[in-house]
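What follows is a single structure, written as C-alpha cells, with notes after it.
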Amino acid sequence: MGNIVIKISALIFGIALWFMVISKKDFQLTLDVPLQFVKLPENMAIASKPPQTVKITVTGPSLNLIRLSKRIEKKPNTVTMEVDLKDAELGTTKIRLGSNNFVTHDIDSIRFVESENSKLILDLDLDAQIPQKASIQSNIQFIPAQGYLLADDPQITPDTVTIFGARNVVATIHEISTDHIVFDSLVDSQVYKVPLDLSPLPTFATPTDSFVQVTVNVQKTETKSFSGIPVSLIGFYDRTKYYLDPDTVSIEFTGGKQALDSLSVGKVIPVLEFNRFEIEDADSLQPSIKLNLPANINRDKAIPTILVKPEYVKLRVREKKPLDKPAEKTATPAETSTTKEETSK
C-alpha cells in the first residue's frame with residue numbers, strides 16, 4: 001500500500017514539474033489582429049482600402065499565450081497593430097509593420113516575432129478630407145391598422161447627412177438610405193428613431209449622424225358628406241345663354257378624422273371650366289373639387305376618396321323665346337271712303 005502512495009505522489013510531482021518547465025518555455029502563436037490607424041491629421045483621410053486585420057506571429061510563455069487566446073475571444077482589441085500617421089503626407093506610401101506597431105493590453109511577456117521571409121508591407125493612399133452632403137432616402141414601411149390611414153408622407157429629420165472622408169472617395173456619395181424596417185398595425189401618430197444603413201459607405205467615410213427621426217401622421221378613417229353644394233362654372237362665356245344641369249351636387253369625403261374635421265360647407269367648392277366642354281368635346285363633365293384646407297394637410301393622403309353625386313354635370317343652352325308677330329292694321333271707314341274716291345278719279 002505504501003508503494004502505491006509513493007508511486008502516485010511521484011507521478012503527480014513529475015506532472016507538476018513538467019508543467020512548470022513547459023509553462024516557462026516560450027512558444028509561438030499565429031493570430032489575426034485588428035489594424036488600427038492613429039493620429040491622422042484632421043485635414044487628411046485614408047482613400048485606399050487597407051485590410052481590417054493582419055496575420056502576425058507572437059511568442060511568449062505557454063500560460064500567457066493561453067490567457068491571450070481566451071482574452072481575444074472576448075475582446076478582439078486585446079492585441080492590435082497600430083499605425084501612427086502623425087507625420088503622414090498626401091499620396092501613396094508603403095508602410096512596413098513590425099514590433100514598433102505591436103500593442104498588447106493586460107498581457108505580459110508577449111512579443112511580436114519579426115519574420116524576414118514574410119514582411120508585413122502596407123500600401124496606404126492618403127487624400128485631403130472633405131465634407132460631402134448626402135440626402136437621406138427612406139427604406140421604411142409604415143402599415144396602418146385596419147380603419148386607419150397615413151395622412152401624410154413620413155417626414156425625415158434631418159433629411160440630409162454630412163459625410164467626411166477622402167475627396168476621391170466621398171465626392172460620388174449623393175444619398176444614403178435608412179435601414180429597412182417595417183412598422184405594422186399603426187393606430188396613432190408617432191416619432192420613430194431609425195438607424196441609417198452605413199454598410200455601403202467606404203471604411204474611412206464618417207457620417208455626422210447614424211440615426212434619423214421619422215414622424216408619421218396616422219388618423220382614424222371616417223366619412224363626411226355635404227349636399228346642395230352649388231357648382232361654379234368659371235371662364236369667359238355668355239351667362240345669359242349657358243347654365244349647368246344640375247347646378248348643385250352632393251359630395252361624400254372619406255379620409256382621416258382630423259382632416260375631415262377641418263372641412264365645412266364654405267370650404268368645399270365644386271368647379272367646372274367652361275373651356276373644358278369644348279376641349280374634351282363633351283356636353284357633360286365631372287366637376288373638380290377645390291378644398292380650402294390648412295397648409296399642413298396633405299389632401300391626396302389625408303382625403304383619398306371623394307364621391308360626387310351626380311357624377312356628371314351637363315352644360316345646357318337656354319332656349320330663345322319666339323318673338324310676337326305685329327298685329328295687322330285695320331282700315332277705318334274714313335280711310336276706306338278716301339281710298340275709293342281716289343280710285344274713281
Can you sort out the partners of Tyr242 under ring-ring contact (aromatic ring centres under 6.0 Å, His included), two or more places apart, ordered by chain and number?
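If we apply the ring-ring contact (aromatic ring centres under 6.0 Å, His included) test to Tyr242, skipping adjacent residues, the hits are Phe274.
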Could you list the residues that satisfy ring-ring contact (aromatic ring centres under 6.0 Å, His included) with Tyr148, not counting sequence neighbours?
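Partners of Tyr148 under the ring-ring contact (aromatic ring centres under 6.0 Å, His included) test: none.
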Anything under 3.5 Å between a donor and an acceptor, one on a side chain of residues 73-90, the other on a protein residue two or more places apart or in another chain? List them.
unit_1: Thr78; atom_1: OG1; unit_2: Lys75; atom_2: O; d: 2.6
unit_1: Asp84; atom_1: OD1; unit_2: Lys86; atom_2: N; d: 2.9

Pairing residues for Thr93 by the side chain to side chain contact (heavy atoms under 4.5 Å, CB included) criterion, not counting sequence neighbours:
Ile95, Leu124
Only counting residues at least two apart or in another chain, list the ones meeting side chain to side chain contact (heavy atoms under 4.5 Å, CB included) with Asn298.
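Applying side chain to side chain contact (heavy atoms under 4.5 Å, CB included) to Asn298 gives Asp152, Asp153, Asp300, Lys301.
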Here the salt bridge (charged side-chain N to carboxylate O under 4.0 Å, His left out) pairs for residues 257-270, sequence neighbours left out, are Lys257-Asp261
Name each donor-acceptor pair under 3.5 Å that joins a side chain in residues 208-218 to protein atoms two or more places apart or in another chain, with its distance.
unit_1: Thr208; atom_1: OG1; unit_2: Thr162; atom_2: N; d: 3.4
unit_1: Thr208; atom_1: OG1; unit_2: Thr162; atom_2: O; d: 3.3
unit_1: Asn217; atom_1: OD1; unit_2: Ser189; atom_2: OG; d: 3.4
unit_1: Asn217; atom_1: OD1; unit_2: Gln219; atom_2: NE2; d: 3.4

Listed once per pair and sorted, the ring pair (Phe, Tyr, Trp, His ring centres under 6.0 Å) pairs that draw on residues 30-85, sequence neighbours left out:
Phe37-Phe204
Per-pair distances, 0.1 Å, donor-acceptor, side chain in residues 40-61, under 3.5 Å, sequence neighbours excluded:
unit_1: Ser48; atom_1: OG; unit_2: Asp125; atom_2: N; d: 3.0
unit_1: Thr59; atom_1: OG1; unit_2: Phe27; atom_2: O; d: 3.0

Quick one: name the residues clustered hydrophobically with Ile234, using the 4.5 Å side-chain heavy-atom rule over I, L, V, M, F, W, Y, and just say none if it's on its own.
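Grouped by the 4.5 Å side-chain rule, Ile269, Val271 form the rest of the cluster around Ile234.
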Residues at least two apart in sequence or cross-chain that pass salt bridge (Lys or Arg N to Asp or Glu O under 4.0 Å) with Asp123, listed by chain then number, are Lys94
Residues in salt bridge (Lys or Arg N to Asp or Glu O under 4.0 Å) with Asp245, at least two apart?
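Partners of Asp245 by the salt bridge (Lys or Arg N to Asp or Glu O under 4.0 Å) criterion, ordered by chain and then number, come out as Arg316.
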